[in-house]
Engineer: 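I have a structure I would like to understand better, so I am pasting it below and will then ask my questions one at a time.
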Number of protein chains: 2
Amino acid sequence: MKERKKQYFHPIEVTLDVVCGKWKGVILCLLQENDYRFGELKDQLYSVTPKVLTQQLRELEEDGLITRTVYPQVPPKVVYSLTPYGKDLEDTLRMMEKWGQSHQQRVGDNFNEEVSEAELS
Amino acid sequence: MKERKKQYFHPIEVTLDVVCGKWKGVILCLLQENDYRFGELKDQLYSVTPKVLTQQLRELEEDGLITRTVYPQVPPKVVYSLTPYGKDLEDTLRMMEKWGQSHQQRVGDNFNEEVSEAELS
DNA sequence: ATAGGTAGTTACTTTTTGGATACCATGGAC
DNA sequence: GTCCATGGTATCCAAAAAGTAACTACCTAT
């Protein structure tokens with residue numbers, strides 16, 4: 001799994017440490033809207049494998065962002081939902097979403113210009 | 001370096017793709033306050049090696065978040081600063097910083113208990 | 001001619017992360 | 001007794017990211 005004992009120099013590292021992972025951002029965004037079952041997440045993430053999805057979910061759980069609720073049924077039903085701390089990320093996630101959108105557009109349009117090395121003295 | 005041609009399922013992936021890197025978050029936070037020279041960043045990040053710092057800066061530059069300005073002097077002087085797009089992340093970064101602080105406090109309590117137990121043995 | 005300061009680079013190794021594929025447990029329906 | 005659906009595990013492997021240590025280029029000042 002993931003070791004998270006390191007020392008941080010800056011508080012933003014804490015957040016990034018918790019949110020950086022191939023699928024974590026999207027998972028958190030999805031869960032802002034709805035609770036989801038394992039399979040529902042898997043379907044929405046499309047290309048994620050069960051192993052990796054489990055990993056991401058477990059880490060988010062360890063970090064206190066989501067809860068895993070098992071309904072004792074057959075076939076099993078497991079629902080993932082946000083904790084209050086996960087919900088606290090909502091605004092941040094939305095801003096990141098927005099920035100991502102505009103950045104994506106930008107790259108689509110005019111990312112051909114090279115940034116030149118300005119020469120000053 | 002880093003390949004960034006993948007397809008995104010969700011706009012937040014764009015942002016995370018650009019910001020996730022061992023030192024990128026901190027670098028961006030620092031640059032919100034001030035422009036910095038290579039050596040100044042290196043000193044503030046303390047444990048970063050020049051290779052990795054260069055990598056992180058180059059990728060941020062490629063992604064259009066920062067600018068690299070070379071002053072043609074000897075010894076060289078290279079200053080890194082934010083582009084408008086980098087500045088657009090300011091609010092987001094601040095929110096992440098804040099969340100990180102509270103999260104750290106939260107786990108800080110548990111962590112301290114664990115540490116003190118360990119210290120007793 | 002030698003040393004010094006800045007901003008790197010190069011080559012190599014290790015660690016971390018993610019992916020492919022196959023398999024497992026449960027209990028009810030048939 | 002076999003099949004099904006769900007929610008996973010178990011192995012093994014590849015790719016990506018980060019770390020280590022040594023080296024470079026430049027001109028200036030001594």
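Each chain gets a letter, A, B and so on, in the order the sequences are listed, and its residues count up from 1.
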Engineer: Taking only the side-chain heavy atoms of A:Arg58 (C-beta and beyond), determine which of C:dG27, D:dG8, C:dT6 contains the nearest atom.
Structural biologist: D:dG8
Engineer: B:Trp23 side chain: which of D:dT9, C:dG18, D:dG19 is closest?
Structural biologist: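 So the nucleotide nearest the side chain must be D:dG19.
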Engineer: Measure from the side-chain heavy atoms of A:Phe38 and tell me the nearest of D:dG7, C:dT21, D:dC26.
Structural biologist: D:dG7
Engineer: Taking the side chain of B:Pro76 as heavy atoms from C-beta outward, which of D:dA18, C:dG5, D:dT6 is closest to it?
Structural biologist: C:dG5
Engineer: From the set D:dG8, C:dA7, C:dG27, return the single nucleotide nearest to any side-chain atom of A:Val74.
Structural biologist: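 For A:Val74, the side-chain atoms sit closest to C:dG27.
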Engineer: Would you kindly compare B:Gly39 and A:Thr49 by the position of their nearest DNA chain C nucleotide and give the one closer to the 5′ end?
Structural biologist: B:Gly39
Engineer: Taking the side chain as C-beta and beyond, is there a heavy-atom pair between A:Thr15 and B:His103 under 4.5 Å?
Structural biologist: no
Engineer: Looking at A:Lys51 and D:dG8, is any side-chain donor or acceptor paired with a base atom of the opposite kind under 3.5 Å?
Structural biologist: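 Side chain to base: no pair present.
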Engineer: B:Arg68 has an atom CZ; how far is it from atom C1' of C:dG8, in whole Å?
Structural biologist: 8 Å
Engineer: To the nearest Å, how far apart are A:Gln73 CD and D:dC4 P?
Structural biologist: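 Computing the A:Gln73:CD to D:dC4:P distance gives 21 Å.
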Engineer: Which whole-number value in Å describes the distance from A:Leu45 CG to C:dG19 C1'?
Structural biologist: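 One finds 15 Å between C1' of C:dG19 and CG of A:Leu45, rounded.
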Engineer: When the distance from NZ of B:Lys42 to P of C:dA7 is rounded to whole Å, what number comes out?
Structural biologist: 10 Å
Engineer: Quickly work out the A:Tyr36 OH to D:dT6 C1' distance and round it to whole Å.
Structural biologist: 18 Å
Engineer: Within the 4.5 Å heavy-atom criterion, are A:Val79 and A:Thr67 side-chain neighbours or not?
Structural biologist: no
Engineer: Of A:Gln55, A:Gln56, A:Glu59, which meets side chain to side chain donor-acceptor pair (under 3.5 Å) against A:Lys24?
Structural biologist: A:Glu59
Engineer: Let me know, please, whether B:Tyr80 or A:Pro50 comes out on the 5' side of the other along DNA chain C by nearest nucleotide.
Structural biologist: B:Tyr80
Engineer: Whole angstrom is fine here: how far is it from NZ in B:Lys77 over to P in C:dG8?
Structural biologist: 13 Å
Engineer: Please examine the side chains of B:Leu53 and B:Trp23, heavy atoms only from C-beta on, and report whether any two atoms are closer than 4.5 Å.
Structural biologist: no
Engineer: Nearest of C:dG18, D:dG7, C:dG8 to any side-chain atom of A:Arg37?
Structural biologist: D:dG7
Engineer: Under the 6.0 Å and 45° cation-pi test, does A:Arg106 pair with B:Tyr85?
Structural biologist: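 The answer is yes; both the distance and angle limits are met.
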Engineer: What's the closest nucleotide to the side chain of A:Pro75 if the choices are D:dA5, C:dG8, C:dG18?
Structural biologist: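 Closest nucleotide among those given: D:dA5.
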Engineer: Using whole Å, what does the distance between atom P of nucleotide D:dG7 and atom CG of A:Leu57 come to?
Structural biologist: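 Whole-Å distance recorded here is 11 Å.
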Engineer: Can you find a side chain N or O atom of A:Gln55 that sits less than 4.0 Å from OP1 or OP2 on C:dG19?
Structural biologist: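 No, outside the criterion.
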Engineer: Expressed as a whole number of angstroms, how long is the span from A:Glu40:CD to D:dG8:P?
Structural biologist: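 To the nearest whole Å, that distance equals 12 Å.
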